[in-house]
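To find a chain, count down the sequence lines: A is the first, B the second, and so on, and within it residues start at 1.
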Amino acid sequence: MKKKIILFLVILAAALDARLNVVTTTTVIYDIVRQVGGEHVSVDYICRGDQDPHFLEILPSYMLKIRKADLMFQNGLGLELWAQKLIDGSRNADLKLVDLSNNISKKGIPTGKIDASQGDIHPFGNPHYWLDPENIRIMATDIMHELSLQDPDNRSYFQSNYDRFIAAIEQKMKTWHAQTVGIKDKQFIVYHDTWIYFAERFGFKVAGYVEPKPGIPPTPSHNAELIRLISNNDIPMIIMENYYSDSSPNQISEATGIKIVKVPIYVYGLENVHTYIDLMDEIISRITAGE
Amino acid sequence: MGLRMIQRIILFGFMLNISAWSQTTVNPDISLIGRFETFTNNVKDSPEYGKLNFGTPGFELLVEGYLNPYARARATLAYEEEFDPEELYAEVLRGLPLNLQIKAGKYLVGFGKLNTFHPHTWPFIARPLSHQIFFGQEGFNDIGLDLSYMLPIEEMYSSITLGIYRGEAIANTLVSDEIQLTETRGNVPIWIGRWSNFVSLSDYKSLEVGLSASSGVYARRPVNESGDSTLAGENKPLNYLYTGLDIKYKFVPDIYTAFTIQAEGLINYRDVPRSGDPGIHMPKEMVTSITTVGLFISTDYTFNRQFSIGAKYDYTYGIIGDTPSFTTLANDDQNTTQGLYAWIGYYPVEESLVLRLELEHLMFDYENGISRRPETTATLQLIFSLGPHKAHPF
């Protein structure tokens, strides 16, 4: 009898859990939803912070996460080419998919004829916009509006969380700008075409890429080109995402003495990175320490 | 290639062109998978012995997209010495009661894991021997429909699929003179069921286990149990039952490395006509049951994202020949074939271009003592993928 009562209570608790069920494609979006949604939102993510979302394998376990979701937030701009297959596999007919790139001012939109000879390019713009904290405000605004639309009873709660989150970001922006004064107008090599938004916000220049073209693995001839470029210019650092192999950067570093700075670019990309603010702190401290 | 087929292809291309011109925002995805192979072997009696042989290039033209918010459709036109509408199906993905999914048309049916994937997505070149024997050279591809239900389990992905099919794969295969399958099998559908279970063991490890079954009438024939040739035999259905187990384990520690073990086994129970005791004019015929099996186990290791090496062991009842037959070879409960395979693959940029070198070593075992030398074949394969058809489910 006791077991039956407990089972009944568990089922009742589940039925009464009126929280919005949200799934996000990345851990950065996950953190924003968590900050804004608070206790009124149950949120989970698909792609781990130490994974490259460009190459996520389509696993049925991800479909399970989406199966009962009310909302799914995605980064968009072709970062999550797997998302639609996961949604199809989840069979969730009531899911609302929200693309957070809609109100972002896009950079890196290719011009002219687009084809695979240019590598893994994103026709609608570079998708790594979360690395500019000013874009976090736009993402958080969209998330707050969507959560309020789905759960109007908690609109003021979401608004209050949003205000607190944005205030924290604005406060941090002053620190981050102060920290990055030293990298302004400096030239760096980057691994992938990830840094266009970050570089513009904090004022450094991308002199070259370890990948010969976006998504194309490094080649010896391209490494040789980079070695010549670094030798002829004052380029102090290679910035690379911490999930990439450092084999080519190491070869370039051995030939030129250039420093390699590995950084996470997603929340949970390192053990100590639990929030977006942690993430930007980590990126900026590593880059400024390496300059 | 017939004139009619050429006309159809031109019409098909014209329709695509019209579609691209008039509906630029709702175009389906169009992909072309090209395949080219060159090979040599050590089979002294064969014309390919010791030579570098060039196979006819093949391709698959895929057109797929959403029909509406609830359904998708796909057409695959394959060419390998002749054109073949390999797949043409629509599937309702959501919006049905109980979150059922329906798939209908012509497609690779869900018996086992590997059969549902096109060969260009496999890490190896040669179709498993048991698939050649029990499914045919083109895989278990049939016309029909299935219903799929996802079990309401939180901890793992578990789905049950039940389908009914025309029996096309059976009906299209060769008929053996020996067993005189002179009657058509008739308009009797076959059914196929699969229970698939996927669980993430950790962030980096996953396991999928599936159980499959298929049953139906694979042929009909007159069976003369009297041994009196003046009497007509009774037309009897010959039934088959396949049961299968498939397992796939994958370990992906980072974006550059993956280790996969995949195995499938199949047990085949079926009625076969055989000769019995002597009769008045001829041996009495009878229908008896046989049980045969087939299995493969493969392992593949991907490193530096661009390279893969692997090995496969195959075992099956039946002797692999030039024209494997679903009907006749699956009835061979006397002889067996084993295969050993090793391969290396090079993927310069994801799946857009693939180069594979595979060694195949076949060993034959005949019940009646026939001696046949093992056969070794080396195949070099190039696959290219043009268009968006790249991402594949686990």
Side-chain angles (χ1 to χ4, degrees), chain A residues 14 44-45 47-68 78 80-97 115-120 123 192 211-219 241-248 268, chain B residues 65-66 69-72 91-101 148-159 196-204 206-208 250 252-258 303-306 347-353 384-388 390-394:
Chain A
D44 201 352
Y45 54 83
C47 189
R48 296 193 316 268
D50 61 351
Q51 282 180 300
D52 181 356
H54 293 87
F55 301 106
L56 194 79
E57 193 170 22
I58 297 168
L59 300 181
S61 50
Y62 300 144
M63 297 168 189
L64 273 185
K65 293 187 178 191
I66 301 170
R67 179 165 65 169
K68 288 185 178 172
E80 309 103 330
L81 293 175
W82 34 266
Q84 200 56 51
K85 276 193 167 26
L86 292 182
I87 294 168
D88 290 349
S90 77
R91 309 168 184 224
N92 186 340
D94 302 319
L95 182 77
K96 183 173 183 185
L97 177 66
D115 62 36
S117 70
Q118 296 153 335
D120 279 347
H192 179 68
E211 291 177 338
K213 290 189 174 169
I216 306 301
T219 61
E241 297 82 337
N242 60 355
Y243 47 71
Y244 284 132
S245 163
D246 56 9
S247 171
S248 280
Y268 301 134
Chain B
Y66 287 93
Y70 309 100
R72 282 182 68 86
E91 50 187 339
V92 181
L93 302 163
R94 51 187 153 258
L96 292 173
L98 300 172
N99 287 330
L100 290 170
Q101 290 186 334
S148 168
Y149 174 68
M150 193 199 296
L151 272 63
I153 303 171
E154 297 290 334
E155 294 75 22
M156 66 181 209
Y157 183 100
S158 183
S159 66
S196 172
N197 301 281
F198 178 94
V199 62
S200 286
L201 303 173
S202 72
D203 281 345
Y204 310 99
S206 51
L207 177 70
E208 183 167 6
K250 196 162 186 179
V252 185
D254 56 55
I255 61 171
Y256 296 95
T257 316
F303 56 100
N304 287 351
R305 192 188 281 176
Q306 295 178 305
Y347 303 73
V349 182
E350 301 166 47
E351 294 174 15
S352 60
L353 195 66
F384 65 85
S385 176
L386 196 62
K390 290 189 177 72
H392 293 93
F394 173 82

Do B:Arg72 and B:Tyr66 form a cation-pi contact, if we require the NZ or CZ to be under 6.0 Å from the six-membered ring centre and within 45 degrees of the ring's axis? yes

Polar side-chain atom of [X] near backbone of [Y] as donor-acceptor pair, under 3.5 Å:
X        : Y        : result
B:Tyr157 : A:Met63  : no
B:Gln101 : B:Leu93  : yes
B:Glu208 : B:Phe198 : no

Name the option with the most non-hydrogen atom pairs under 4.5 Å to chain A; the candidates are B:Glu91, B:Glu155, B:Gln306. B:Gln306

Which atoms of [X] are under 4.5 Å from chain B, going by heavy atoms: the side chain, the backbone, both sets, or neither?
X        : answer
A:Ser247 : neither
A:Asp120 : side chain
A:Tyr243 : both
A:Asn92  : backbone
A:Ile87  : both

State, with a plain yes or no, whether a side-chain heavy atom of B:Met150 is found less than 4.5 Å away from one of B:Asn99. no

Could you tell me if the side chain of A:Tyr62 sits less than 4.5 Å from the side chain of A:Trp82, heavy atoms only? no

Give the minimum heavy-atom separation between A:Ser248 and A:Pro218, together with the two atoms involved. OG-CB, 3.1 Å

Ranking A:Lys68, A:Gln51, A:Gln84 by heavy-atom pairs under 4.5 Å to chain B gives rank one to A:Gln84

Measure [X] against the heavy atoms of chain A and call it side chain, backbone, both or neither at under 4.5 Å.
X        : result
B:Ser148 : both
B:Val252 : side chain
B:Asn304 : neither
B:Leu96  : neither
B:Asp254 : neither
B:Pro69  : neither

Rounded to the nearest 0.5 Å, what's the gap from CG on A:Leu64 to CD on B:Glu154? Could you check? 7.5 Å

Do A:Ser245 and B:Arg305 have side-chain atoms, one donor and one acceptor, less than 3.5 Å apart? no

